[in-house]
Amino acid sequence: MKITDVKIFVCSPGRNFVTVKIYTDQGLTGIGDATLNGREKAVVAYLEDHLVPLLIGRDAARIEDTWQYLYRGAYWRRGPVTMAAIAGIDMALWDIKAKAAGMPLYELLGGASRDRLMCYGHAQGGDIAEAVESVGALIDEGYRAVRVQSGIPGLPPVYGADGTSTNGAAENALPREELWSTSKYLRHAPKLFEAVREAHGWDVELLHDVHHRLTPIEAARLGKDLEPYRLFWLEDAVAAEHQEGFRLIRNHTTTPIAVGEVFNTIWDARLLIEEQLIDYIRMTSVHAGGITPMRRIADFAGLHNVRTGAHGAMDMSPICLASNIHLGFWVPNFGIQEYSGYSEETLEVFPGTWSMADGHLYPGHGPGHGVEFDEDLAERYPFERSYLPVNRLEDGTLWHW
Ligand code: CS2
Ligand code: MG
């Protein structure tokens with residue numbers, strides 16, 4: 001089965017998405033997600049100018065060889081732009097292979113290891129009371145696991161607390177600037193979780209995202225202070241570049257640690273997994289280079305008692321979510337899947353067979369990954385330049401976002 005054409009689509013049904021569509025001489029097509037929030041067009045150029053010409057005439061069935069050809073064959077390896085571009089192609093090829101086999105993707109990966117995937121939703125509030133209420137609303141909707149973020153006294157709204165941070169920034173404007181104080185945050189976070197446990201008890205799993213903002217010793221202290229509230233995980237406690245820093249965190253706290261949403265190859269996670277410095281690896285199909293490397297990463301993690309917890313914010317398209325759901329349905333060491341939902345417009349452009357009910361995700365059972373792309377509808381939502389916010393300390397120093 002030969003690849004006859006590859007098209008790249010950029011659309012913005014609520015936010016920007018990059019979609020790869022591969023056509024074959026047997027009439028089968030497949031689609032993949034190549035979205036890199038805030039740097040979408042760089043991936044489009046990498047695909048159109050450099051990868052698409054390499055694909056025409058290749059055997060669509062040779063997924064592994066194509067992945068190696070694009071990764072090793074480039075000489076210049078790794079990096080978010082490269083890996084998102086390769087991921088878009090890889091997902092589309094797995095979609096084609098599963099359609100050709102007449103199977104849902106999870107069957108090709110090894111078959112179902114479970115009946116449903118626990119997912120976590122996002123609770124947020126301007127202050128503790130609002131966050132507590134938001135957790136209650138998600139529990140009422142059936143969620144068994146909730147990520148909790150709230151505003152910090154003395155600071156304007158921070159990441160994840162006002163519902164806007166994950167929506168990029170104002171269209172065609174400079175990135176929004178947020179303000180950060182580590183000492184105010186460290187005093188506040190334990191109070192937030194104390195209040196949530198007091199109001200909602202111990203049956204709900206609680207998660208928290210620090211968004212890379214602490215140093216290792218600060219993260220160690222936070223992990224210790226949160227121990228009484230038994231978190232499911234503490235996410236991105238330090239900048240992901242600080243691999244050795246995780247040793248220090250690990251030595252000081254039993255709060256489970258998650259990291260990896262910004263990783264793009266297995267090499268970013270090697271030390272953390274091999275030394276069991278983390279409990280959950282957050283790598284996701286689009287930013288890790290596709291389904292082919294995600295299988296290897298998951299198996300490698302499984303050898304070291306690390307479970308999966310794939311990044312699933314709304315800035316990855318439903319194709320990425322569906323790929324993660326199929327992977328999670330198969331992977332023996334599944335932990336949890338992030339789920340932040342999609343706008344109606346996004347779901348109309350990317351209709352899919354996956355579903356969400358009672359705090360769990362389910363894959364579609366038809367051939368492929370089960371997500372379609374409505375090209376005509378997508379044309380109504382042209383690309384809109386948008387940035388993630390940036391973050392500064394109170395004295396103006398640029399800080400991690
Ligand atoms: C976040 C994301 O979902 C998460 O855990 O950290 O909202 C992240 O900021 C965005 O996906 C960045 O594009
Ligand atoms: Mg995160």
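These numbers come from a predicted model, not from an experiment. Just follow the structure's listing: the first ligand is 1, and inside any ligand the first atom is 1.
- A cation-pi arrangement is found for R213 relative to W180, the charged atom lying closer than 6.0 Å to the ring centre and inside a 45° cone about the ring normal.
- Applying the side-chain hydrogen bond (donor to acceptor under 3.5 Å, both in side chains) definition to pairs two or more places apart or across chains, those involving residues 44-58 are R58-D65, R58-T66.
- In this pair, H287 and H311 present their aromatic rings tilted. The plane angle is within the 30 to 60° band.
- On a distance-only criterion, D236 and ligand 1 share no N/O pair closer than 3.5 Å.
- Below 30°, between 30° and 60°, or above 60°: for F17 and F350 the angle between ring planes is above 60°, a perpendicular geometry.
- Remark: the backbone N or O of G73 is not paired with any side-chain donor or acceptor of Q68 at under 3.5 angstrom.
- Here L388 has side-chain heavy atoms under 4.0 Å from ligand 1, and that is the only part of it that gets that close.
- Of the N or O atoms in H122, none lie within a sub-3.5 Å distance of an N or O in ligand 1.
- Interface atoms of ligand 1 facing R282, defined by a heavy-atom separation under 4.0 Å, are 4 (C), 5 (O).
- The contact set between ligand 1 and H211, taken as ligand atoms under 4.0 Å from a residue heavy atom, comprises 1 (C), 6 (O), 8 (C), 9 (O).
- Those atoms of ligand 1 with a heavy atom of D209 less than 4.0 angstrom away are 1 (C), 4 (C), 5 (O), 6 (O).
- Note on residues 190-199: no pairs pass salt bridge (Lys or Arg N to Asp or Glu O under 4.0 Å), not counting sequence neighbours.
- For the Mg ion (ligand 2), the count of nearby protein N/O/S atoms, taking only those under 2.8 Å, is 3.
- Between the side chains of S386 and N16, no donor-acceptor pair of N or O atoms lies under 3.5 Å.
- Under a 4.0 Å heavy-atom criterion, M314 is not in contact with ligand 1.
- Taking the salt bridge (Lys or Arg N to Asp or Glu O under 4.0 Å) definition, one finds that R270 meets it with E274, sequence neighbours left out.
- For the pair K41 and F383, the cation sits on the ring face: its NZ or CZ lies under 6.0 Å from the ring centre, inside 45° of the axis.
- For ligand 1, the polar-atom distance check against Y120 finds no nitrogen or oxygen pair separated by under 3.5 Å.
- Classified by interplanar angle (parallel below 30°, tilted 30° to 60°, perpendicular above 60°), the ring pair W401/Y159 is perpendicular.
- Backbone and side-chain nitrogen or oxygen atoms of W401 are examined, and none is located within less than 3.5 angstrom of a nitrogen or oxygen of ligand 1.
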